[in-house]
There are 2 protein chains.
Amino acid sequence: MSAAEPKPVSIFDVAKLAGVSHQTVSRVINDAPMVADATRAKVKAAIAELGYRPNRSARALAGGAVRSVTVLTTDTSLYGTAETLRGIEDAARAAGFTILVSVLDPDQDYTEADVLGRLPHDGAPAIVIAHDETTTGAMQVLQRKQAGATVATGGEHLDIEQHADDWLVSLDDRTVAARATRYLLSMGHATVHYLAIPSKANRQAGWAEALADAGIEAPEVVHSGWTVGSAYEAALELVADPEVTAILCGNDDLAFGVLYAAHRADRSVPGDLSVIGFDDSPLAAYHVPPLTTVDLDFRGVGRGAFELLRQKLEGGSHPRPTWRSPELIVRETSGPPGRR
Amino acid sequence: MSAAEPKPVSIFDVAKLAGVSHQTVSRVINDAPMVADATRAKVKAAIAELGYRPNRSARALAGGAVRSVTVLTTDTSLYGTAETLRGIEDAARAAGFTILVSVLDPDQDYTEADVLGRLPHDGAPAIVIAHDETTTGAMQVLQRKQAGATVATGGEHLDIEQHADDWLVSLDDRTVAARATRYLLSMGHATVHYLAIPSKANRQAGWAEALADAGIEAPEVVHSGWTVGSAYEAALELVADPEVTAILCGNDDLAFGVLYAAHRADRSVPGDLSVIGFDDSPLAAYHVPPLTTVDLDFRGVGRGAFELLRQKLEGGSHPRPTWRSPELIVRETSGPPGRR
DNA sequence: GAGCGAACCGTGAGCGCTAACATTCGGTGG
DNA sequence: CCACCGAATGTTAGCGCTCACGGTTCGCTC
């Protein structure tokens, strides 16, 4: 062909061209002080001329500042995960950080070594987006071994709560779940059913709590997978039961599945059946009818996780990052029961 | 605190414990032949005991096999992008590769240096998920400069078609777009309108082509953003016009927006209006009514992109990867016009 | 039993970079 | 006018690993 393996231009090439030492070049590319303006300009010119770009591996090896974060997660195509990742990315991009994504397989059992092996090196900064047991495990490993440089995000209930503020960033979906349940009860529903996502049980706990507070015995939880299809299947039975007038769903996708099942069963929403989701995914407001759901600021939380991590890395005491609190958004899939 | 900066255990530590040279350890961790079974076992034991894990940066620096791929993309929360990424991830995970995700800002203008600067080093393997001008630009840069190790994926029409087979992986959405349009025409619609995504115009081209073939003058294209909300806004006018009986939408999200607009305008689907989307997103089949759309195997394409790249990296002549061809899935949002 | 080639293992160098120290040089004050 | 200082630059070492060799050791052949 052509294009003989080209020049991997290094810091030394630049140094030679600029007539300085390689260290001076290093200083320039790292914006260190103690470099005369004239020299700096010369070096920059040489860099431009040669098209030099620093080698990240070498940098990392030599112990320079890190500038990269590994994100551990399972399914990047779930809305919550994707949005959280997006938040992390946005913040990372703004800060000039690179992100590495390492996807864990939920069907696999990871040892500590497996988890750590996914980091570029010992003690490398990482964020885990925690949803289920797989990522929760990873999170625990990191918290135990990573000496500070770890932040996890996600709304799960964990066994490790001590000093959680230092490294755990999460959305209080438990409280809103209770609030949503209470709202349904206040509309006059005798009870509220729960269709669960395959994930640890924050939302479910909030639901159960609200029912308990109201002195209502919680109906049996129905379990669904992550897909709309599985929610549809799982909801068939619920929807066929006229006693069921309100269903709280683990997320919007499940709610859509339930809505479809209701439609097929000829039950009108919200006349016969109220449905509430979680996430306020982009479609929720434009569904027919528009879905009552809970706004969860995943992007904000992702951003927050990154900011927190960066603070630990670079010291400094910026204010703790904030984001929107979960909020119930009442639209048209919920209302009083039995107005048929 | 506690946890004094722990042991960064290196290959030498392992070597000492196992009573061999560091090179032998290297051989073991790289599964090289020419190591006696007994030695191998000893080394492995030492590795386990010390909890040794290779440092990726050092490995990369020393010129070992790569095992990591940079993915360049813009919006990871779009369905197509997310699924493609997922396909890449799946394949990468199976092959033991790490993936680095670098998100480009569509509002920014990237120079060649900017794009290359996102790679860990010169000539590092990369995949770009191409949608719009931003990523297309990145793709061109890579193709020009990366000496082989580049594969791009996406369904865009590009100026660089030579030898495209070697590095371009894509879905032929243009042809299905034409097919979908012809299907609508065959149902008796006088014409088909197109609601465009903000992306280069493959699908639009297919639509225009089909209309031209049928001797129909293409109505003006209506432009939408990526969100359901923007599609809703954009569709308001179309939907108010009783002459409009069929709308082909750039993707499913836009179709949902149109459906919602139709609902608000009291136009029945598919009685008054036929709507077709693209992507076959998970919700499409469970929408009310279920959406006629085009199945696009983004995951397959992602997997394919990775496989192709791996072949270039490791030589070998595996069969060229394959995936499902785009296919029109007729559900309930399309049919003959005017059956009110 | 000399000769020879595998099989196995060790030694040195160096990837591109940064940290830490050493050096130079033009002032400045006593 | 010389010791002394600090800003600007150079020198040396080494991060953890792999590559390209160079040595051993062994089992066979003739």
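Naming: A, B, ... by sequence-line order, numbering from 1 per chain. Everything numeric in this text was worked out from a predicted model, so none of it was measured.
With C:dG10, D:dT11, D:dC17 as the choices, the nucleotide that has an atom nearest any side-chain atom of B:A58 turns out to be D:dC17. Nearest nucleotide to the side chain of B:L61, out of C:dG16, C:dA19, C:dC8: C:dG16. Listed nucleotides: C:dA19, D:dC21, C:dG16. Nearest to the side chain of B:R27: D:dC21. When each of D:dT18, D:dT12, D:dT9 is scored by its nearest atom to the side-chain atoms of A:V35, the top-ranked nucleotide is D:dT9. Checking C:dC9, C:dG10, D:dA7 against every side-chain atom of A:M34, the shortest atom distance belongs to D:dA7.
Atom CG of A:N55 and atom P of D:dG16 are 17 Å apart (whole Å). Atoms CD1 (B:I11) and P (D:dC19) sit 11 Å apart, rounded to a whole Å. A straight line from CG of A:D31 to C1' of C:dT18 spans 15 Å, rounded to a whole angstrom. Spacing between atom CZ of A:R56 and atom P of C:dT18 amounts to 12 Å, rounded to whole angstrom units. Remark: C1' of C:dT11 and CZ of B:F12 are 10 Å apart, rounded to the nearest angstrom. One atom, CD of A:Q23, and another, P of C:dT23, lie 16 Å apart when rounded to the nearest Å. At whole-Å resolution of the value, NE2 in B:H22 and P in C:dG10 are 9 Å apart. Between the P atom of C:dC15 and the CZ atom of A:R59 lies a distance of 18 Å, rounded to the nearest Å.
Put simply, A:S10 has no side-chain N or O that comes within less than 4.0 Å of OP1 or OP2 on C:dG16. Within the structure, a side-chain polar atom (N or O) of A:T24 is placed less than 4.0 Å from OP1 or OP2 of D:dG10. The side chain of A:S57 contributes no N or O atom lying less than 4.0 Å from OP1 or OP2 of C:dC15. In this structure, A:T39 reaches the D:dT9 phosphate: one of its side-chain N or O atoms is under 4.0 Å from OP1 or OP2. Between D:dT18 and B:N30, a contact under 4.0 Å exists linking OP1 or OP2 to a side-chain N or O. Side-chain N/O atoms of B:S26 include one lying less than 4.0 angstrom from OP1 or OP2 on D:dT18.
One distance of note links NE2 of A:H121 with OG1 of A:T70; it measures 8.5 Å at 0.5 Å rounding.
Within a 6.0 Å radius of NZ in B:K42, other residues, nucleotides and ligands contribute more than 12 heavy atoms.
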Exercise for the section: Walk me through it: do B:R93 and A:D105 pass the test salt bridge (charged side-chain N to carboxylate O under 4.0 Å, His left out)? Expected result: CA-CA 9 Å; B:R93 173 150 38 99; A:D105 183 345; 3.5 Å; yes
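A side-chain donor from one of B:T98 and B:R56 sits under 3.5 Å from a side-chain acceptor of the other.
Under the 4.0 Å criterion applied to side-chain N and carboxylate O atoms, A:R118 and A:D114 are not assigned as salt-bridge partners.
Across all strands, A:P33 comes closer than 4.0 Å to no nucleic acid atom at all (heavy-atom distances).
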